[in-house]
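All residue numbers refer to positions in the sequence shown, counting from 1.
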Amino acid sequence: MAARGHVQDPNDRRLRPIYDYLDNGNNKMAIQQADKLLKKHKDLHCAKVLKAIGLQRTGKQDEAFTLAQEVATLEPTDDNSLQALTILYREMQRPELVTKLYEAAVKKVPLSEEYHSHLFMAYARVGEYKKMQQAGMALYKIVPKNPYYFWSVMSLVMQAISAQDEKLAQTMFLPLAERMVEKMVKEEKIEAEAEVQLYFMILERLGKCVEALEVIRGPLGEKLTSELQSRENKCMMLYQRLQRWPECNALAHKLLLKNPDDWQFYPSYFESLFHLMDQSWSPPEEGEHCSEGAVHHTVAEVVRFVEERIKGEDGKDSRSLRGPYLARLELMHRLRERGCPEESLLGEPLELMVQFFGKFGDKPCCITDLKIYLHLLAPEQHVQFINRLSEAVPLGEQGEEGFAFPEDTKALQRHLCVCQLSRALGLHHSLDVDGKLRLITELKAHYRHGLKFGKNSLKTELQFSDMYCLMAAHVFIDLWTETGDENMVWQGLGLLQEGLSHSSSNAQFKLLLLLLYCHLGAFEPVVDLYSSLDAKHVQHDTIGFLLTRYAESLGQFAAASQSCNFSLRFFHSNQKDTSEYIIQAYKYGAFEKIPEFIALRNRLNQSLHFAQVRTERMLLDLFLEADIVLSLEESVKAMSLSAEEDDIPWDNMRDNRDLTVFTSWDPKERQITDEHRRRSLEEESVWLRIRSLTLRLLAYLAGMGHAPSQQNSETTNENGVGDKSSILGSLLSQLHQTLQTAAQMAEKSIQYPFLGPPSTRLAPALSSGSCQCQAAALQLSVHLQELETVGLDESSELQTQICNGFKSLVVQLQEILNKCKGDVLEMKESKLKTRPSLLENLIFFVETVCIVLWMASYCAKILRPLKTSLQKKKKKKKDANTALPVVVCGFQELTGSLQDLLTQALEHIKGQETGMTALKLASLSLEGYTQEEASFAKAAMDKVQSSYLRSLQEVGDLLKKRAETIKNLKI
């Protein structure tokens with residue numbers, strides 16, 4: 001009898017092989033096994049669903065869906081079928097069907113805790129907060145457990161957060177949630193910390209700060225134990241909101257006595273002091289200053305308090321804490337901002353910083369600590385300050401090169417910090433060319449000397465002296481941007497490649513290499529560099545722009561597709577993943593995280609980068625495949641593209657780019673400013689709008705290619721063609737307006753810092769003439785529609801207008817092609833010179849040719865039936881006039897000219913390839929380089945040359961395929 005408890009359900013045993021096949025990715029065998037089982041057991045629903053999963057994974061979505069619906073309509077209640085259907089619907093990205101499944105199951109088995117909780121989670125996946133609230137309460141009635149009750153409360157809070165009407169949230173949802181929690185408080189049923197957190201969140205959102213403070217300071221607040229100082233942090237926040245500055249000051253002072261290194265309380269301490277001074281607050285004559293204890297309401301008291309903390313640190317035998325020393329500088333900064341004379345009580349900033357360096361100069365954080373307070377020094381003190389610091393750096397004897405080197409890593413860190421601070425003070429930038437070259441020699445010597453300290457370090461660890469190498473590269477970039485001498489950039493690339501060979505996981509080397517290669521127009525080495533960065537999760541949104549901005553514009557179409565996929569895969573999986581995070585947060589009671597997850601999802605959905613990558617990816621697919629692999633209509637259909645719909649959230653666009661990802665020690669006037677950020681976002685948005693409108697116009701063109709001819713359709717508007725032409729008019733006028741805005745922006749061009757945001761393709765697109773030519777080609781579709789309506793008989797003026805349009809397009813294309821002429825890579829006086837702008841112009845030419853060819857294809861579709869009907873009419877009338885209509889002749893001229901242009905372009909590309917292959921980079925005499933440096937610089941040059949050749953090859957291949965499509969344009 002005892003063994004009977006272990007009897008396995010025979011169906012589980014039968015299904016096991018199918019599960020194994022699916023888990024191992026052997027979907028075909030899973031389908032075969034399911035078929036075998038279904039022959040014997042027709043009513044085994046789960047086998048059907050598992051077969052559907054196999055079909056879904058082999059790309060047979062429709063069959064899979066039909067099978068799944070057969071089972072779903074039977075409303076199964078066995079666990080196996082329900083779980084399998086859940087997996088299938090999730091893979092189909094149809095979570096709303098899971099809710100229907102469990103709604104039916106709950107009706108049939110109304111007391112099942114498991115099915116009710118699955119139903120709640122299914123609603124959570126689709127964000128049905130009202131139904132979640134009801135499901136939570138239904139669950140609590142069956143099984144009165146606290147978590148279920150609070151699931152319902154949280155769902156009310158989510159209704160408040162997602163409500164369009166803020167008034168409704170404040171007057172209905174949140175008060176109801178508050179009453180529900182208060183009921184549990186009165187009945188003393190509050191058990192967990194998560195429940196107190198939720199109560200606090202509700203009160204905070206209702207603006208009931210006093211009540212929230214009572215909760216935190218009362219017995220319920222004792223449950224807040226998972227985070228260090230959780231109660232104190234919440235109290236501090238509430239005091240600040242309530243503007244209770246005495247309490248704020250006293251609490252900060254009390255917490256700093258406990259831990260003088262806890263930085264977050266210093267700003268609160270100083271802010272509260274200034275508020276108290278502004279209010280002329282004075283303590284009461286009797287009793288305590290406030291509920292939190294004594295208040296420091298004068299600058300003298302605060303200065304004394306900070307000085308006491310520092311004395312405490314100075315008297316310690318163990319390592320001092322940085323907090324109090326930084327607090328002194330922070331207080332000085334704030335007093336100076338307010339113009340308080342008491343600033344002098346703290347001492348002389350130069351002396352304080354020298355003292356700080358003496359104590360903490362051997363820590364890598366010393367530079368970031370001091371950098372923010374450098375403005376406290378007067379400009380004439382800069383050199384003196386650096387000299388004073390240099391005296392505190394222990395260096396060995398001078399070597400042959402005239403440089404003295406540090407003898408251990410601590411001394412190295414101090415010397416490095418001095419170099420970083422002198423760059424941050426602008427001392428590097430003020431040197432002349434020779435001075436900068438001497439500085440580079442010194443930095444390189446220190447870098448190579450420092451490598452000996454990291455001889456035994458692991459491959460994944462950074463070298464102690466890496467920052468010298470990075471700084472030398474920055475000085476090379478300064479020289480390149482100031483003098484235009486490309487030799488500097490080759491040396492910089494060589495140095496960074498050398499750095500990477502010793503420190504293969506240094507992300508800053510990789511990022512700077514990536515940027516330099518992109519500036520030189522070489523995209524091939526960039527793909528591997530970006531892959532090796534191993535960007536994780538949200539980084540695809542924050543730094544993905546470094547890759548996608550240059551991918552297509554440098555002619556590496558295959559790599560461009562790959563880089564767009566990197567980002568798109570993340571954005572699409574984020575949709576699915578966020579639902580799972582929310583479900584986990586409900587399960588584990590992490591309620592305060594749920595709004596954060598929702599905010600993250602919104603932030604990513606509204607991301608500028610997401611919109612850009614989506615648009616560019618679709619355009620790229622059209623340029624590469626439309627009318628080559630599939631027709632334009634089929635390509636547009638496969639992308640589910642619609643001319644009418646604009647899915648970009650223009651009003652809520654979020655710029656999530658991390659524009660400070662590069663380590664930089666530049667002085668403030670050379671750093672990226674808020675104005676740079678604003679202008680960059682404007683520029684990116686305008687370029688995105690042009691690209692998005694171009695894409696939608698192409699979708700329109702594809703849709704019109706197979707729309708019913710207006711001549712054959714009396715009821716034009718009923719068939720929607722009349723309505724379509726208004727869409728065309730609207731899209732074209734939006735495109736013209738955007739181009740005008742773009743032209744105004746291009747006139748007021750802004751120069752971003754080298755390490756700032758990359759400039760968009762907007763200015764080169766306008767100066768090459770490609771935007772204007774594309775717009776003119778798309779504009780022609782209006783006249784072609786008119787021609788389709790009027791016919792060839794009575795439209796001579798219109799035909800002439802169209803022919804003039806054709807001629808103008810050819811002239812414009814020729815001009816764009818002329819701007820591509822010249823050598824992308826050339827050797828002058830044994831120096832290598834690059835002209836990446838020629839490559840960018842060539843890509844604009846390719847894109848524009850594609851659009852003109854699609855317009856021509858649309859034109860051919862209109863002219864063929866018109867020409868045939870005209871010939872029939874002539875036959876009937878026995879008209880001997882065989883002259884072709886003007887527009888037909890014009891069209892034939894257009895196709896001939898396009899053929900010539902493509903031949904010209906292909907010859908130009910061939911010439912470039914031949915010339916570039918003939919360049920003997922090995923024969924370059926690299927003066928002033930050591931043998932090792934020369935080999936790294938040559939390797940960088942080879943990469944650039946190879947990348948250019950790859951770009952030219954891909955562009956050439958695409959143009960050849962496009963030239964083939966001209967043969968299909970005969971009418």
Look at the side chain of Ser607 and the backbone N and O of His609, then say whether any donor-acceptor pair between them is shorter than 3.5 Å.
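Yes: the side chain of Ser607 pairs with the backbone of His609.
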So does Leu732 get a backbone contact from the side chain of Gln779, meaning a donor-acceptor N/O pair under 3.5 Å?
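Checked: no pair found.
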Nearest 0.5 Å please: distance from the [atom1] atom of [X] over to the [atom2] atom of [Y].
| X | Y | atom1 | atom2 | value |
| --- | --- | --- | --- | --- |
| Met653 | Glu684 | CE | CD | 10.0 Å |
| Leu547 | Cys518 | CG | SG | 7.5 Å |
| Met639 | Glu634 | CE | CD | 12.0 Å |
| Thr548 | Glu616 | OG1 | CD | 8.5 Å |
| Glu645 | Ser640 | CD | OG | 10.0 Å |

Only counting residues at least two apart or in another chain, list the ones meeting side-chain contact (heavy atoms from CB on, under 4.5 Å) with Arg654.
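For Arg654 the side-chain contact (heavy atoms from CB on, under 4.5 Å) partners, ignoring immediate neighbours, are Arg603, Gln606, Asn656.
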Could you tell me which residues satisfy side-chain contact (heavy atoms from CB on, under 4.5 Å) with Ile750, sequence neighbours excluded, listed by chain and number?
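Testing Ile750 for side-chain contact (heavy atoms from CB on, under 4.5 Å), a comparison that skips the adjacent residues, returns His676, Arg679, Glu683, Tyr752.
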Any carboxylate oxygen within less than 4.0 angstrom of a Lys/Arg side-chain nitrogen, looking at [X] and [Y]?
| X | Y | result |
| --- | --- | --- |
| Asp647 | Arg614 | yes |
| Arg677 | Asp655 | no |
| Glu788 | Lys861 | no |
| Glu633 | Lys637 | no |
| Glu826 | Lys833 | no |

What donor-acceptor contacts under 3.5 angstrom involve side-chain atoms of residues 946-957, with partners at least two apart or in another chain?
{"unit_1": "Ser946", "atom_1": "OG", "unit_2": "Glu524", "atom_2": "OE1", "d": "2.5"}
{"unit_1": "Ser947", "atom_1": "OG", "unit_2": "Phe523", "atom_2": "N", "d": "2.9"}
{"unit_1": "Ser947", "atom_1": "OG", "unit_2": "Glu524", "atom_2": "N", "d": "3.1"}
{"unit_1": "Ser947", "atom_1": "OG", "unit_2": "Gln556", "atom_2": "NE2", "d": "3.4"}
{"unit_1": "Tyr948", "atom_1": "OH", "unit_2": "Leu520", "atom_2": "O", "d": "2.3"}
{"unit_1": "Arg950", "atom_1": "NE", "unit_2": "Glu954", "atom_2": "OE2", "d": "3.2"}
{"unit_1": "Arg950", "atom_1": "NH1", "unit_2": "Glu524", "atom_2": "OE2", "d": "2.9"}
{"unit_1": "Ser951", "atom_1": "OG", "unit_2": "Leu554", "atom_2": "O", "d": "2.8"}
{"unit_1": "Ser951", "atom_1": "OG", "unit_2": "Gln556", "atom_2": "NE2", "d": "3.0"}
{"unit_1": "Ser951", "atom_1": "OG", "unit_2": "Ser947", "atom_2": "O", "d": "3.1"}
{"unit_1": "Glu954", "atom_1": "OE1", "unit_2": "Phe557", "atom_2": "N", "d": "2.8"}
{"unit_1": "Glu954", "atom_1": "OE1", "unit_2": "Ala558", "atom_2": "N", "d": "3.1"}

Side-chain donor/acceptor pairs under 3.5 Å, residues 841-857, sequence neighbours excluded:
{"unit_1": "Asn841", "atom_1": "ND2", "unit_2": "Lys819", "atom_2": "O", "d": "3.1"}
{"unit_1": "Glu847", "atom_1": "OE1", "unit_2": "Arg691", "atom_2": "NH1", "d": "2.9"}
{"unit_1": "Glu847", "atom_1": "OE2", "unit_2": "Arg691", "atom_2": "NH2", "d": "3.3"}
{"unit_1": "Glu847", "atom_1": "OE2", "unit_2": "Arg761", "atom_2": "NH2", "d": "3.2"}
{"unit_1": "Thr848", "atom_1": "OG1", "unit_2": "Gln774", "atom_2": "NE2", "d": "3.3"}
{"unit_1": "Thr848", "atom_1": "OG1", "unit_2": "Phe844", "atom_2": "O", "d": "2.6"}

For this output row, return yes or no: ring centroids of His519 and Phe754 closer than 6.0 angstrom.
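Yes: the rings meet the under 6.0 Å criterion.
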Can you list the steps and then say if Gln812 with Gln772 is a side chain to side chain donor-acceptor pair (under 3.5 Å)?
CA-CA 9 Å; Gln812 290 181 59; Gln772 299 85 328; over 6 Å; no
Once you measure the plane-to-plane angle for Phe571 and Phe610, does it fall in the parallel (<30°), tilted (30-60°) or perpendicular (>60°) bin?
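Ring orientation, 0 to 90° scale: parallel.
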Does NZ in Lys960 sit with more than 12 non-hydrogen atoms of other residues, nucleotides or ligands closer than 6.0 Å?
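No, not enclosed.
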Partners of Asn605 by side-chain hydrogen bond (donor to acceptor under 3.5 Å, both in side chains), sequence neighbours excluded?
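For Asn605 the side-chain hydrogen bond (donor to acceptor under 3.5 Å, both in side chains) partners, ignoring immediate neighbours, are Gln575.
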By side-chain hydrogen bond (donor to acceptor under 3.5 Å, both in side chains) - contacts of Glu913 (at least two apart):
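side-chain hydrogen bond (donor to acceptor under 3.5 Å, both in side chains) list for Glu913, sorted by chain: empty.
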